[in-house]
K.L.:
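Right, I'll just put the structure down here and ask away after.
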Protein chains: 2
Amino acid sequence: MHAGRPLHSERRGRQSSSSGRYTDEVPKQPRRITLRDIAEETGLSAAAVSYALRGLQVPPETQRRVREVADRLGYQADPIARALASGRTGYVGVLCGSLADVWQQDIAAALGRKFLSVGRHTLIADASNDPELEATLASQLADQRVDALIVLPVDPAAAHWKEVARRTVLTSIGDGLPGAATAAEVVFDNGAGVTDALHRLVDCGHRRIAVMTPSRPTTPDRPAEAIAHQVAQSLGLDVTLHPSPHDLDGATAVARTVLSSANPPTAFLCLADSMAYGVYAGARELGLDVPDDVSVMGFDDHPLSRLLTPPLSSYRWPADLLVDLVVKRTVKAIDEDKLSRRKVLAPAAKPRGSVAPPRTTRR
Amino acid sequence: MHAGRPLHSERRGRQSSSSGRYTDEVPKQPRRITLRDIAEETGLSAAAVSYALRGLQVPPETQRRVREVADRLGYQADPIARALASGRTGYVGVLCGSLADVWQQDIAAALGRKFLSVGRHTLIADASNDPELEATLASQLADQRVDALIVLPVDPAAAHWKEVARRTVLTSIGDGLPGAATAAEVVFDNGAGVTDALHRLVDCGHRRIAVMTPSRPTTPDRPAEAIAHQVAQSLGLDVTLHPSPHDLDGATAVARTVLSSANPPTAFLCLADSMAYGVYAGARELGLDVPDDVSVMGFDDHPLSRLLTPPLSSYRWPADLLVDLVVKRTVKAIDEDKLSRRKVLAPAAKPRGSVAPPRTTRR
DNA sequence: GCGCATCACTGAAGCGCTTAACCCAAGAGA
DNA sequence: TCTCTTGGGTTAAGCGCTTCAGTGATGCGC
């Protein structure tokens, strides 16, 4: 490459006008405008241009001149080269526990929009509820040199988070990552939600309650599950935990199984609305009525949940606030190297028609 | 930088053992393993290692040796440096017309998974149904040096696609991009769907039909809308077009307005299920029954659509096939520079309970 | 036994940018 | 008047990889 086309010397030859090029080949890619082009045009050095464009080393007049030329030439800094030189890519990874979850889809989309508005692109990955895939993806994203990684963890207790936090700015949503040096954590007070939900169900007369959770049996120490157990104990309830995927078919299958078991629960508490949808579908398949035969409560309060018949009782997190906080704190960690304190969001109950007293005739 | 720390010469000094470093500062980032490290370890040149790791210039034994050392050292090629050197980033952009659309969310997620399985990361962007934002994002993604851009266009007729296609491999989903040299197009036969839908509604007795479309008034020449007009003409129908956002609140507002107009339609044909959800909500607000007071048909057949009461009539596209095709053809275009022919997908009607004859009492 | 093609690999240039270090002229302070 | 700054630059190194153009050793045909 160092002979065939004497790149620099050639370019040096004045303007970017179609000078002494092997002209008859049409350049499909119009050749990128580089710093050097602007440097030539303005008579400055490339470094000066680089500084000027970034507003450093502020000689206002020169800055204006450079910017003007840059605009005229349609200059766009090459993010790749910039990343290599500066060590920051401008990318933020978003690792979702399960993108089959409508709520996580919304959050991912909102994060994407918000980060874009501060000049950063997002790389979205989906762990599909699989802790191992999650580990792989996390390390893969870190290898991609993302400036930060936002994670909605499948397994918050996993060992690798510590390592990931060492490699990049790490922010968690939903659950905290104990032991890892996270830059920010915006976590849900799932405990409060679960407690409230179980009490409501109990007050309504339910005793046998199925809890659908995204967790694998290997992570029984997640806050939500642990608290479900505690509350169940203290109230003397018959609570069973059922790991479930977030997609409709998967959740429906779980619900179907649970509902057709020997002594089925009279109520479902789903740790994600997506799973509750599965309960609706499963119940319908079996000819059971919601809420008369089976009550359902969800978590996340996705907009579509209130569209169902009956509208789904759920718990809403302030999604806008959440996204705002996450982006703001993450950016702060990237730019100023400042970590933030953990922020806990409280759930707002949205009781709706999907909960009713259990039919006494049924058992 | 060229004085303080004589990078190369220092590294050259044998092993990567903690040689003569300013030791007492703990290296938080454990220093990346580079090609050079492997080169030293194996006694080869960096170039040789580069070739070996990529399976080029195949001396099987050396290759094994190199790979072994690489594994042991936990080498991971720096994608940024690779991108800068080779000119391909390994990123694929996905530009969605509107991520408020549940179906597009699913497609985006599926594309992400699929591309990941072939070693490429996706940058997802959301045009929020805004043609101008779409143009901005398209060019921004191209600037990011994505190897390819997958687009679910808001405005397929926009002029900038031609330019974008010149800059990167461009694939479109849904609508084709007339005039642009796309690498692949997987388009929907919306015409067939719309025609079929209108006929069904007519057969059912409907004459005043509202069509909800994602388009802005500025793009009246989209296939679907054009055909809606044609069919309406030929059947002598009273068809009105209503641009609508995909999010529930936005679509609900549109539906509410339409439904409370002087001479409301008896049926809605929505070019996306997400919009149909809005009709359900709007109708409910006004105390109207679906389907007795107003019939609704959707497009895309999102899984949740069959969960509604009544289940939404819709048209399904083979999403898996779609994603497969798009990824396969895009990768082919990137790697082998081969363009593919346009592929047209036919819709499969999924008639369900949301369509019924108009109530004759109402007018 | 000699020329020639392979093989296996090396050296160096280059991707387009950032950044540390240096440098010169002009204004300020003494 | 002379030194000290400071503003406004410049130079060059370097990011970690790819890739082109060699280059000695082999292997081979005849």
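A, B, ... follow the sequence lines: proteins, then strands. Residue 1 opens every chain. Just so it is clear, the values below take in all heavy atoms, side chains as well, and ignore hydrogens, waters and symmetry mates. On a predicted model such as this, the values are computed, not experimentally measured, just so you know.
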K.L.:
Salt bridge or not between A:Arg64 and A:Glu61? Use side-chain N to carboxylate O under 4.0 Å.
P.N.:
yes
K.L.:
Considering all heavy atoms of both residues, which atom of A:Ala333 and which atom of A:Val169 are nearest to each other, and what is their separation?
P.N.:
CB-CG1, 3.7 Å
K.L.:
Could you list all the salt bridge (charged side-chain N to carboxylate O under 4.0 Å, His left out) pairs where at least one residue sits in residues 76-89 of chain A, not counting sequence neighbours?
P.N.:
A:Asp78-B:Arg145
K.L.:
Could you state the atom-to-atom distance from CD1 of A:Ile33 to C1' of C:dC15 in whole Å?
P.N.:
16 Å
K.L.:
Apply ring pair (Phe, Tyr, Trp, His ring centres under 6.0 Å) to A:Phe115 and list each qualifying residue two or more places apart in sequence or on a separate chain.
P.N.:
none
K.L.:
Mind calculating the distance between CG (B:Asp37) and C1' (D:dC17) to the nearest angstrom?
P.N.:
13 Å
K.L.:
Choose from C:dG16, C:dT18, D:dC17 the nucleotide whose nearest atom is closest to any side-chain atom of A:Arg54.
P.N.:
C:dT18
K.L.:
Closer than 4.0 angstrom, basic N to acidic O: yes or no for B:Asp37 and B:Arg32?
P.N.:
no
K.L.:
Give, for atom CG of A:Leu84 and atom OG1 of A:Thr89, the distance between the pair rounded to the nearest 0.5 Å.
P.N.:
11.5 Å
K.L.:
D:dT18 P sits how many Å from B:Leu35 CG, rounded?
P.N.:
6 Å
K.L.:
If we fit an axis to the first five pairs and another to the last five of the helix from C:dG1-D:dC30 to C:dA30-D:dT1, what angle do they make, to the nearest 10°?
P.N.:
40°
K.L.:
Looking at A:Ile38, A:Ile33, A:Thr34, which one forms a side chain to side chain contact (heavy atoms under 4.5 Å, CB included) with A:Arg36?
P.N.:
A:Thr34
K.L.:
Considering just the side-chain nitrogens and oxygens of B:Ser50, establish if one lies under 4.0 Å of OP1 or OP2 belonging to D:dC17.
P.N.:
no
K.L.:
Flag the pair B:Glu68 and B:Arg65 as a salt bridge only when some basic side-chain nitrogen lies within less than 4.0 angstrom of an acidic carboxylate oxygen.
P.N.:
no
K.L.:
Which residue pairs pass the salt bridge (charged side-chain N to carboxylate O under 4.0 Å, His left out) test when at least one of the two sits in residues 49-60 of chain A, sequence neighbours left out?
P.N.:
none
K.L.:
Could you verify whether a donor N or O on one side chain and an acceptor N or O on the other, from A:Ser172 and A:Thr182, lie under 3.5 Å apart?
P.N.:
no
K.L.:
Give the rounded distance in Å between these two atoms: CG of B:Leu53 and C1' of D:dT19.
P.N.:
15 Å
K.L.:
Between P on D:dT10 and CD on A:Glu40, what's the gap in Å once rounded to a whole number?
P.N.:
13 Å
K.L.:
Counting only heavy atoms and a strict 4.0 angstrom limit, can you tell me which residues of residues 76-87 of chain A come near DNA chain C?
P.N.:
A:Ala77, A:Asp78, A:Ala81, A:Arg82, A:Ala85, A:Ser86
K.L.:
Look for any protein N or O under 3.5 Å of an N or O in nucleotides 4-10 of chain C and output each such pair with its distance, or none.
P.N.:
from, atom 1, to, atom 2, distance (Å)
C:dC9, OP1, B:Thr62, OG1, 3.0
C:dC9, OP2, B:Thr62, OG1, 3.2
C:dT10, OP1, B:Ser45, N, 3.2
C:dT10, OP2, B:Ser45, N, 2.7
C:dT10, OP2, B:Ser45, OG, 2.7

K.L.:
Grab the CZ-P distance between B:Arg36 and D:dT18 for me, whole Å please.
P.N.:
13 Å
K.L.:
From A:Leu149 CG over to A:Thr122 OG1, what is the distance, rounded to the nearest 0.5 angstrom?
P.N.:
12.0 Å
